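Right, one structure below, let's go through it.
Residues take their numbers from the sequence shown, with the count starting at 1. The structure displayed is predicted, hence computed values, not measured ones.
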Amino acid sequence: MREGHQGTGPGAITPDGCAVELYSRLPVGTEPDIVASAVPAGARILELGSGVGRMTRPLLERAFAVTAVDESAEMLEQVRGARTICSPIEHLGLDETFDAVMLASFLVHTGDVAVRRGLLETCARHVAEDGCVLIQREGEDYHTNVPRERADPSGFTVRIVSAEPVGDGVNSVHVEYEFPDAVWTQTFRARPLTRDQFEEALAEAGLRVDRYLTEDRTWVRAVPTGRG
């Protein structure tokens, strides 16, 4: 288990506190549409932190070629139709580049600066010169609008219970997922990033913002620094 991370509930729990069965139940959402709007048709996509393939499946259905990477073998066992690689993202070293590299699930907000640096360097290392990196950020009030909850139309409730400071600008976030037949919790460490701090982290890895893909700036299209 990664330091400061834990999870409870039925089934296997990954090193960052995610429950495999929980993530296999979560709905897809609008993310695949956002990705499809930002990359060329038929693009080769490197999906970092794919989990059980919640986004992988709809991307495959849109005729993208997806390579799914996750550090949990239990998660990757649920992925169908895509090439899979079991590895921590920050240690990934493939001898190839991709039209698009995806870093979703707020992974860029990891509390460990060295890990964040490794994540972004992996993105930069694997994106083609004319490709792009798609990153999902936390909402601006993610750590301040707590506690809060949302009842999902598919039949479960998610609660952000707390976001408590643990030092060095990092918060310990506690989340609950309540289904009619099961409850899961996840606790993880996350570092809030202002827009400037986020863009500085990109620049350190040799990336820059091309454009923000959503009005709330939670999805970002980045490209290698120096591209005209």
Side-chain angles (χ1 to χ4, degrees), residues 11-12 14-16 18-110 115-116 118-138 154 202 205-207 209-214 218-224 227:
T14 66
D16 59 355
C18 296
V20 175
E21 183 180 341
L22 165 63
Y23 277 80
S24 69
R25 295 187 182 198
L26 295 181
V28 174
T30 61
E31 289 94 341
D33 294 328
I34 295 171
V35 172
S37 72
V39 302
R44 296 178 66 244
I45 297 176
L46 179 65
E47 184 185 6
L48 301 175
S50 66
V52 297
R54 183 175 61 90
M55 290 179 61
T56 313
R57 290 187 295 273
L59 291 174
L60 292 170
E61 291 168 359
R62 288 164 170 79
F64 295 112
V66 183
T67 295
V69 177
D70 203 276
E71 67 179 349
S72 167
E74 292 91 346
M75 286 282 195
L76 289 176
E77 286 175 0
Q78 309 299 314
V79 177
R80 299 289 182 270
R83 171 192 180 195
T84 60
I85 298 173
C86 188
S87 170
I89 296 169
E90 63 269 31
H91 298 156
L92 185 69
L94 304 178
D95 189 23
E96 58 187 304
T97 58
F98 296 80
D99 302 314
V101 179
M102 286 173 47
L103 186 69
S105 301
F106 312 141
L107 293 176
V108 72
H109 289 272
T110 176
V115 171
R116 183 188 70 204
L119 298 179
L120 292 175
E121 288 175 351
T122 293
C123 292
R125 189 164 57 246
H126 291 91
V127 67
E129 289 185 6
D130 59 349
C132 64
V133 178
L134 305 181
I135 301 171
Q136 185 183 24
R137 302 171 62 220
E138 294 173 342
S154 64
L202 289 185
L207 300 168
V209 172
D210 177 54
R211 66 181 187 271
Y212 287 89
L213 299 173
T214 54
T218 56
W219 274 94
V220 186
R221 187 182 193 270
V223 296
R227 185 191 301 179

- Looking at side-chain heavy atoms only, is the closest gap between Phe64 and Val39 below 4.5 Å? yes
- Message: Measuring only between side-chain heavy atoms, which start at C-beta, is Leu92 closer than 4.5 Å to Ile89?
- Response: no
- Message: If we ignore hydrogens and angles and just use 3.5 Å, is the side chain of Thr110 paired with the main-chain N or O of Leu107 as donor and acceptor?
- Response: no
- Side-chain donor or acceptor of Arg54 paired with backbone N/O of Leu26 under 3.5 Å: no
- Determine, step by step, whether His126 and Thr97 satisfy the side chain to side chain contact (heavy atoms under 4.5 Å, CB included) criterion, reporting the C-alpha distance in whole Å, the side-chain angles of both residues, the deciding distance to 0.1 Å, and the verdict. CA-CA 4 Å; His126 291 91; Thr97 58; 5.6 Å; no
- Query: Is it true that a side-chain atom of Asp99 and a backbone atom of Gly131 form a donor plus acceptor pair closer than 3.5 Å?
  - Reply: no
- Query: So, are Glu21 and Arg25 salt-bridged, with charged N and O less than 4.0 Å apart?
  - Reply: yes
- Between the CD atom in Glu77 and the OG atom in Ser72, the distance rounded to the nearest 0.5 Å is 8.0 Å
- Between atom CG of Leu207 and atom CD of Glu121, what is the distance when rounded to the nearest 0.5 Å? 10.0 Å
- Query: How far apart are the closest heavy atoms of Val28 and Pro58, and which atoms are they?
  - Reply: CG1-CG, 3.7 Å
- Nearest 0.5 Å, what's the CD-CD1 distance between Glu71 and Ile85? 14.5 Å
- Query: Side chains of Val69 and Leu46: closer than 4.5 Å at any heavy-atom pair?
  - Reply: yes
- Answer whether the closest heavy-atom distance between the side chains of Glu61 and Pro32 falls below 4.5 Å. no
- Message: Under a 3.5 Å distance rule, please check whether Gln136 uses its side chain to pair with a backbone N or O of Ser105 as donor and acceptor.
- Response: yes
- Query: Rounded to the nearest 0.5 Å, how far does OG1 of Thr218 lie from CD1 of Ile135?
  - Reply: 12.0 Å
- Query: Which residue pairs satisfy the ring-ring contact (aromatic ring centres under 6.0 Å, His included) criterion with at least one member in residues 83-109, sequence neighbours excluded?
  - Reply: Phe106-Tyr142
- What distance separates Glu90 CD from Leu119 CG, expressed to the nearest 0.5 Å? 5.5 Å
- Message: Within the structure provided, determine whether Val35 and Ile45 are in side-chain contact (heavy-atom separation under 4.5 Å).
- Response: yes
- Side-chain heavy atoms of Leu59 within contact of Met102, under 4.5 Å: yes
- Message: In the structure I gave you, are the side-chain heavy atoms of Leu120 and Val133 within less than 4.5 Å of one another anywhere?
- Response: no
- Query: Quick one: does Val79's side chain get under 4.5 Å of Val66's, heavy atoms only?
  - Reply: no
- Roughly how far, to the nearest 0.5 Å, is the CZ atom of Arg137 from the OG1 atom of Thr214? 9.0 Å
- Task: Could you please spell out the steps behind the side chain to side chain contact (heavy atoms under 4.5 Å, CB included) verdict for Val108 and Leu202?
- Result: CA-CA 10 Å; Val108 72; Leu202 289 185; 5.8 Å; no
